[in-house]
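One structure below.
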Amino acid sequence: MKRFDNLSALQPLVGQEIGLSDWITVDQARIDRFAEATGDHQWIHVDVERAKAGPFGAPVAHGFLTLSLLPEMSASAYFVDATRMGISYGLNRVRFPAPVPVDSRLRGRFKLLQMEPLDGGAQLTVEVTMEREGSAKPVCVAESVVRRYV
């Protein structure tokens with residue numbers, strides 16, 4: 001994990017990688033819990049036997065499950081000291097270029113694209129590229145907009 005003393009320490013890093021998360025395993029239990037929470041029980045996610053004969057050869061994680069790993073990845077990738085809280089302000093763009101087969105290990109690379117001052121803090125636009133271990137193609141690329149307050 002990369003730690004930054006304060007928001008000002010990020011300003012010279014616009015355009016650069018600011019963190020790399022720990023690996024997260026996406027197992028069938030996690031996929032099933034996500035299906036239960038969202039009501040998305042499509043067979044490519046939850047019917048293991050049918051999914052093995054399907055287009056991906058195994059169950060695959062929901063795209064939104066992959067995206068929902070962003071906070072967990074962020075928590076292990078970087079931290080800004082001297083801030084009291086951060087909130088997710090939204091997303092500018094999200095793409096899922098490749099599937100996430102069950103039991104994949106994923107991690108996120110965080111690149112600071114933009115930093116704008118706010119009253120009492122700053123708005124950060126961060127490109128998150130989620131990688132699957134053993135694959136050259138990312139499984140998710142998203143622009144996350146986060147507000148950090150001092």
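Worth knowing before you read on, the calculation uses all heavy atoms, side chains too, and leaves out hydrogens, waters and symmetry mates. Positions are given from 1, in the same order as the sequence printed here.
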For Thr125, side-chain hydrogen bond (donor to acceptor under 3.5 Å, both in side chains) partners two or more places apart: none
Greater than 12 external heavy atoms within 6.0 Å of Glu36's CD: no
For [X], which fellow cluster members are found when Ile, Leu, Val, Met, Phe, Trp and Tyr are connected by side-chain heavy-atom distances below 4.5 angstrom, either directly or through intermediates?
X: Val60; value: Trp43, Ile44, Phe56
X: Met1; value: Phe79
X: Met85; value: Ile87, Leu118, Tyr149
X: Val141; value: none

Exercise: identify the closest heavy-atom pair between Leu7 and Arg148: CD2-CB, 3.8 Å
Distance in Å, Ile18 CD1 paired with Leu112 CG, rounded so as to fall on 0.5 Å steps: 5.0 Å
Leu69 CG to Ile24 CD1 distance, which is reported to the nearest 0.5 Å: 5.0 Å
[Y] reachable from [X] in the ILVMFWY side-chain graph, under 4.5 Å edges:
X: Val128; Y: Val145; result: no
X: Val150; Y: Leu10; result: yes
X: Val14; Y: Phe110; result: yes

Run the side-chain contact (heavy atoms from CB on, under 4.5 Å) test against [X] and tell me which residues pass, sequence neighbours left out.
X: Ala29; answer: Asp27, Arg33
X: Ala75; answer: none
X: Val94; answer: Leu67, Leu91, Phe96, Cys140, Ala142

Where at least one partner belongs to residues 75-86, residue pairs that pass salt bridge (charged side-chain N to carboxylate O under 4.0 Å, His left out), sequence neighbours excluded: Arg3-Asp81
Salt bridge (charged side-chain N to carboxylate O under 4.0 Å, His left out): pairs with one or both residues in residues 88-111, sequence neighbours excluded: Glu17-Arg109, Arg105-Glu133, Arg107-Glu131, Arg109-Glu131
Stepwise side chain to side chain contact (heavy atoms under 4.5 Å, CB included) check, Phe64 with Asp40: CA-CA 10 Å; Phe64 285 124; Asp40 183 351; over 6 Å; no
Side chain to side chain, Pro101 and Arg132, heavy atoms closer than 4.5 Å: yes
Pairs flagged by side chain to side chain donor-acceptor pair (under 3.5 Å) wherever residues 60-78 is involved - sequence neighbours left out: Arg30-Glu72
Side chain to side chain contact (heavy atoms under 4.5 Å, CB included) between Leu106 and Met73, worked out: CA-CA 9 Å; Leu106 308 181; Met73 288 179 176; 3.8 Å; yes
Contacts of type salt bridge (Lys or Arg N to Asp or Glu O under 4.0 Å), residue Lys2, not counting sequence neighbours: none
Main-chain N/O of His45 paired with Gln28 side-chain donor or acceptor, under 3.5 Å: yes
